[in-house]
Amino acid sequence: MPESADKNARATAHNAGQPQTRRRRDLRRPAGASPDARTGTMPAAATPNNSRTAPTRRSSWAEAAAVADAQVEAEGGAEVSAAAPVQASAPAVPAQPAAQPAAQPASQPEAQPATSRRGGVPAEPSAPPSNVSRQAAKLAAADAPVSDFITSPGSFVREQKPRPRGGFRGALFALTGGAINLGPGPRQREEDELGRRISRQLQGSYNTAVLSLKGGIGKTSTTVGVGLTLAEFRGDAPCAIDANPDSGDLVERALGEGIYQQSSPRTITDLLKNIDSVDSLTALARYMHHAGRLHLIAGEQDPEVSDSLTAEEYLRIRKLISGYYSVALTDCGTGVTHNAMSGILQSADNLVIAAGYAVSGAKRARSTLQWLASHGYEDLARNAIVVITDKDEVSSRVDKDAIEEHLSGICRQLIAVPHDRGVADGDLVTLDVLKPETRRAYKEIAAAIVDGYV
């Protein structure tokens, strides 16, 4: 068989410089296995070659990365540190001769050293993180600044301009169907600011006394107008108390005389008689009158008992009201010396002094403030709001500017209410029939009152 011998010789010469390998199925067969089922022969044992080393399987990059990730998780997120390449579960690789390195399959790259998570830079050897360092890392993470999306999500939404009301801006907005919105004008912004001041939330219950030394100069109409304005803008309903000893007409001015006569005319005297049984707002409502959201307690109409309200009785009423209303107005009538006045001033948080453009009205308003300052009510006098109502439309001979200057230096704020027949007639006062200038004046008064509470 010369040809077969020649083939064996050539194969031997070809394999002389290569490591001997075994077939994959032979590697899987344990020692002492039966002969090959296909050839019927036993596999030849590999002859050791001292000058050559059989190639061994190296760990792949994926295995090394998996080991590195496992170490990161085991150390609580710390960076992996290793002084030598990681080759877990891979057999040790003997050193290869420099002349003939073992061939490496393309599908199995060399194992890479463990790297940190900062772009593949090898991690420096370091000791495992201690509990102190872990705690410091947690504190640093807690103190880190919060994302802008969490702190100010509104910055991602374009702010919408308020809708203009009236005037050229409102007409342009209506004609374009809202496509062109120039926003509110200066006057509307002022009106909106007044509404914001009036509607502020209050912590507690507050009382404002409206008084004067002269009748017929707009004291009760101011109480009704301001009370209705507070009811319009505030979330909670205000309460107005008629403490006028001279048969006050607060409820008639708010409801109209005809409606008041048709209703059950419960008064402050009736409430005092049964005050011990009033333990809820529902029970209190039996003694109240309602002009929209403005709740009112009527004054006594019987002349024989109208002046019998004492300071102690008023304080009982005020204590009851404070449990259900955050804002109360008290119409005090004329004078500051009647029986209930000491209780009213004692419980008042601020004052509204009614005055007129007549010379006598201005002088009496100043006299009222001076009396308060000299009788222990300096703070009330200094923080008082003087309201000058042009009720009788005085002649041009009266210097209105001089009267305003005469009063403005002795009070916190002076507000003028223009002449309006809806106020001057002495009948029902409703905001719908008042002039815009009159309504704005009442809004300014209401805002100034709430300013004195906060």
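What you are looking at is a predicted structure, and each value in this text was computed from that prediction instead of being measured.
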* From Leu345, Thr368, Val210, Ile449, residue fulfilling side chain to side chain contact (heavy atoms under 4.5 Å, CB included) relative to Leu351 -> Leu345
* To do: May I ask you to test the Glu444-Leu194 pair for a side-chain heavy-atom distance under 4.5 Å?
  => yes
* Would a 4.5 Å heavy-atom cut-off, applied to side chains only, mark Asp399 and Ile403 as touching? -> no
Please set out all donor-acceptor pairs under 3.5 angstrom arising from side-chain atoms of residues 377-389, sequence neighbours excluded.
residue : atom : partner : partner atom : Å
Asp379  : OD1  : Arg382  : NH2          : 2.3
Asn383  : ND2  : Asp379  : O            : 3.1

* **Within 6.0 angstrom of Glu405 CD, more than 12 heavy atoms from elsewhere** => no
* To do: Mind checking side-chain hydrogen bond (donor to acceptor under 3.5 Å, both in side chains) for Arg200 and listing every partner two or more places apart, or none if nothing turns up?
  => Asp451
* Asked: Would a distance-only check, ignoring hydrogens and angles, find a side-chain to backbone donor-acceptor pair under 3.5 Å from His338 to Leu309?
  -> no
* Taking atom CG of Leu281 and atom CG of Leu320, what is their separation to the nearest 0.5 Å? -> 9.5 Å
* **Steps toward side chain to side chain donor-acceptor pair (under 3.5 Å) verdict (Asn350, Thr208)** => CA-CA 5 Å; Asn350 53 22; Thr208 296; 2.5 Å; yes
* Structure fact -> Residues at least two apart in sequence or cross-chain that pass salt bridge (charged side-chain N to carboxylate O under 4.0 Å, His left out) with Arg234, listed by chain then number, are Asp236
* Trace of the side-chain contact (heavy atoms from CB on, under 4.5 Å) decision for Ile217 with Arg364 -> CA-CA 11 Å; Ile217 57 176; Arg364 290 186 179 183; over 6 Å; no
* Intermediate values then yes/no, side-chain contact (heavy atoms from CB on, under 4.5 Å), Tyr314 and Ser347 -> CA-CA 9 Å; Tyr314 174 82; Ser347 64; 3.4 Å; yes
* Got a second to check how far Leu271's CG is from Leu284's CG, nearest 0.5 Å? -> 6.5 Å
* Among all residues two or more places apart in sequence or in another chain, which pass the side-chain hydrogen bond (donor to acceptor under 3.5 Å, both in side chains) test with Asn181? -> none
* **Set of residues satisfying side chain to side chain contact (heavy atoms under 4.5 Å, CB included) with respect to Ser367, sequence neighbours excluded** => Leu213
* Structure fact -> On a heavy-atom basis, the closest approach of Ala416 and Glu404 is CB-OE2, 4.0 Å
* With rounding to the nearest 0.5 Å, note down the distance linking CD in Glu300 to CG in Leu272. => 10.0 Å
* **Non-neighbouring partners of Arg189 that pass salt bridge (charged side-chain N to carboxylate O under 4.0 Å, His left out), sequence neighbours left out** => none
* Asked: Are any side-chain N or O atoms of Gln188 and backbone N or O atoms of Arg165, one a donor and one an acceptor, separated by less than 3.5 Å?
  -> yes
* **Straight-line distance of Cys239 SG to His290 NE2, nearest 0.5 Å** => 9.0 Å
* Asked: Quick check: does any side chain N or O of Arg412 sit under 3.5 Å from a backbone N or O of Ala448, one acting as donor and the other as acceptor?
  -> yes
* Asked: Is there side-chain contact between Met341 and Leu211, with heavy atoms separated by less than 4.5 Å?
  -> yes
* Stepwise side-chain contact (heavy atoms from CB on, under 4.5 Å) check, Asp331 with Lys219 -> CA-CA 8 Å; Asp331 186 2; Lys219 174 186 55 62; 2.6 Å; yes
* Looking at Ile415 and Ala441, what are the two nearest heavy atoms and their distance? -> CG2-O, 4.0 Å
* Asked: Only one of Val224, Leu296, Thr267, Ile297 forms a side chain to side chain contact (heavy atoms under 4.5 Å, CB included) with Val251, so which one is it?
  -> Leu296
* To do: Can you sort out the partners of Arg316 under salt bridge (charged side-chain N to carboxylate O under 4.0 Å, His left out), two or more places apart, ordered by chain and number?
  => Asp276
* At what distance, to the nearest 0.5 angstrom, does CD of Glu312 lie from CD1 of Ile317? -> 13.0 Å
* Closest contact, heavy atoms only, Leu250 versus Thr220 -> CA-CG2, 3.8 Å
* Please indicate whether Arg196 has more than 12 foreign heavy atoms, meaning atoms of other residues, nucleotides or ligands, lying under 6.0 Å from its CZ. => yes
* Asked: Residues two or more places apart in sequence or in another chain: which of them pass side-chain hydrogen bond (donor to acceptor under 3.5 Å, both in side chains) with Asp242?
  -> none
* **Minimum-distance pair of heavy atoms, taken over all atoms of Cys411 and Leu369** => CB-CD1, 4.4 Å
* Using the test side chain to side chain contact (heavy atoms under 4.5 Å, CB included), find all partners of Asp420 that sit at least two apart in sequence or belong to another chain. => Val423, Leu434, Lys435, Thr438
* Asked: For the side chain of Asp349 and the backbone of Asn207, is there at least one donor-acceptor N/O pair under 3.5 Å apart?
  -> yes
* Residues forming a salt bridge (charged side-chain N to carboxylate O under 4.0 Å, His left out) with Arg187, sequence neighbours excluded -> none
* Under the side-chain contact (heavy atoms from CB on, under 4.5 Å) rule, what do Thr223 and Val352 come out as? Steps first, then yes or no, please. => CA-CA 9 Å; Thr223 304; Val352 172; over 6 Å; no
* Which pair of non-hydrogen atoms, one from Ile344 and one from Ala209, has the smallest distance, and what is that distance? -> CG2-CB, 3.7 Å
* side-chain hydrogen bond (donor to acceptor under 3.5 Å, both in side chains) against Glu191, all qualifying residues, sequence neighbours excluded -> Arg440, Lys443
* Asked: Side-chain contact, heavy-atom cut-off 4.5 Å: Arg439 with Glu232?
  -> yes
* Nearest heavy-atom neighbours spanning Ser322 and Ser205 -> CA-OG, 3.3 Å
* Please examine the side chains of Phe233 and Val450, heavy atoms only from C-beta on, and report whether any two atoms are closer than 4.5 Å. => no
* Structure fact -> Residue pairs passing the ring pair (Phe, Tyr, Trp, His ring centres under 6.0 Å) test with at least one member in residues 416-454, sequence neighbours excluded, are Tyr206-Tyr453
